[in-house]
Amino acid sequence: MTTESAFTTARAQLRKAVDQLGLSENDWQTLSTPRRILEVAVPLRRDNDKVEMYKGYRVQYSTTRGPSKGGVRFHPDIDLEETVALAMLMTWKCALTNLPFGGAKGGIAVDVAQLSERENERLTRRYTSEILPIIGPERDIPAPDVGTDERNMAWMMDTYSVNAGFSVPGVVTGKPIVLGGSLGRTSATGDGVAISTREALRVRGIKPQGATVAIQGFGKVGYWAAVALEEMGLKVVAVSDVKGAVTGFKSIKELWDHFTAHHNLDAPGTDRLTNEELLHLEVDVLIPAALADAITEKTAHGIKAKIIVEGANAPTSPEGDAILNDKGILVVPDILANSGGVIVSYFEWVQDKQNYFWDSHEVKTNLTDIMMKAFSEVEDMAKSQSVTWREAAHMLGVSRVAQAHKLRGLYP
Ligand code: GLU
């Protein structure tokens with residue numbers, strides 16, 4: 001992962017959207033500047049009593065359309081620039097899907113695989129207490145991202161609540177259901193990726209039944225996308241994790257059962273592929289659902305998929321993107337394709353505010369409605385402006401934030 005490139009890419013995408021929308025230099029200044037950045041030192045007492053210091057971040061890129069919103073990433077490569085880039089993407093994602101949020105992102109540069117559960121808990125709690133002054137249900141609402149899950153959200157919610165003196169479930173989303181989480185949040189990003197895939201197949205005139213998919217990543221996004229796509233009748237032919245890819249499994253369920261029991265993808269009957277071989281498979285749909293910069297000028301040339309649905313954030317470099325466009329591949333961009341997660345986070349926040357919880361049918365129906373609306377707006381914009389889907393999605397998101405800025409005016 002080249003972290004500098006996620007930042008450069010995000011700024012380049014914004015610059016393009018500002019130009020395509022005919023916005024002013026004042027707008028560019030306003031839109032290209034993150035509003036609040038907090039860098040914290042997070043001390044951790046390891047189980048062996050040794051104290052280690054980690055770097056933590058919380059970036060509130062925008063609060064123009066509402067409280068800032070976005071995940072917390074635990075990954076050794078995370079740095080400030082990448083966090084800013086991801087917070088910027090959250091801003092356009094929330095605006096594109098019309099959620100009443102700005103955008104944020106946070107994280108700690110740490111390899112969680114090296115931590116025990118108790119160490120992970122202490123690190124999460126200390127990070128939460130360091131960023132506590134700037135988060136809250138009306139200010140900034142963290143959620144899971146790469147390397148974090150509902151356990152981390154439970155600890156964050158508890159740390160915040162203990163300090164407040166009462167339960168504050170709305171301070172984070174992606175919590176366990178019993179603590180005020182929403183039904184459908186765990187699978188939401190993958191469900192949204194599957195909805196995007198189905199719609200992209202419709203646009204390209206390919207029937208979902210029997211259409212083939214390769215998925216890079218078998219985590220929270222890739223796994224649930226695979227499950228939903230199989231239910232829609234598609235055939236998932238390959239998946240990968242950090243150690244490489246496999247093909248030849250009978251079903252996702254069987255592969256998952258093996259994966260959870262043995263912590264590897266080598267289920268009976270499977271064959272190994274390299275990560276690059278997975279990207280270059282002859283499939284209808286390729287879903288990068290891991291980290292940034294999976295598709296670059298190095299890997300893009302060999303891609304044979306007709307459609308790419310970006311489950312990960314920023315998986316395609318600008319050079320990679322240009323090659324995909326030249327090849328006529330339809331790319332459903334990250335801020336649309338993976339927006340299912342933050343959409344159901346929004347539902348969770350609404351439910352926590354109202355202390356009234358929805359059934360899974362209501363969650364699914366509302367998720368589908370919001371995604372379908374965003375999808376058709378992007379499709380229409382791409383057609384009417386003769387731009388790529390990525391450009392259309394950014395134009396829609398950026399224009400909504402710019403409009404909100406204009407209407408609020410500049411204080412003082
Ligand atoms: N981390 C997810 C994303 O990148 C979800 C963020 C959220 O739910 O706030 O979209």
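Sequential numbering from 1 along the given sequence is applied to the chain's residues. One-based numbering, in listed order, for ligands and for the atoms of each.
- Heavy-atom contacts from other residues, nucleotides or ligands closer than 6.0 Å to NZ of Lys364 number 12 or fewer.
- Shown here is Lys253, whose NZ atom has no more than 12 heavy atoms of other residues, nucleotides or ligands within 6.0 Å.
- Summary of contacts: the protein heavy atom closest to atom 9 (O) of ligand 1 is Lys69 NZ, 2.8 Å.
- Residue Glu348 places every heavy atom at 4.0 Å or more from ligand 1.
- Enclosure of atom NZ in Lys207 is not indicated, since only 12 or fewer non-hydrogen atoms of other residues, nucleotides or ligands lie within 6.0 angstrom.
- In terms of N/O distances under 3.5 Å, ligand 1 is not approached by Asn338.
- Asp145 OD1, 2.7 Å is the protein heavy atom nearest to atom 1 (N) of ligand 1.
- Listed by chain and number, the residues in a ring pair (Phe, Tyr, Trp, His ring centres under 6.0 Å) with Trp155 amount to none (sequence neighbours excluded).
- Contact annotation: for Met153 versus ligand 1, there are no heavy atoms closer than 4.0 Å.
- Formation of a donor-acceptor pair under 3.5 Å by the Glu138 side chain with backbone atoms of Pro67 is not found in this model.
- With 3.5 Å as the limit, one finds no donor-acceptor pair spanning the side chains of Arg139 and Ser68.
- Ring pair Trp256/Tyr223 is parallel by interplanar angle, where below 30° counts as parallel and above 60° as perpendicular.
- The closest approach between a heavy atom of Pro144 and any atom of ligand 1 is below 4.0 Å.
- Considering each of Lys220, Arg185, Lys93, the one bringing a non-hydrogen atom nearest atom 5 (C) of ligand 1 is Arg185.
- Heavy atoms of Arg73 stay at 4.0 angstrom or farther from ligand 1.
- Atoms of ligand 1 lying under 4.0 Å from any heavy atom of Met90, numbered from 1 in the order shown and given with element: 3 (C), 4 (O), 6 (C), 10 (O).
- The atoms of ligand 1 that sit less than 4.0 Å from any heavy atom of Gly70 are 9 (O).
- Ionic pairing of Asp140 and Arg58 is present here: one or more N-O contacts between side-chain nitrogen and carboxylate oxygen are shorter than 4.0 angstrom.
- Contact annotation for Asn313 and ligand 1: only side-chain heavy atoms (C-beta onward) come within less than 4.0 Å of the ligand.
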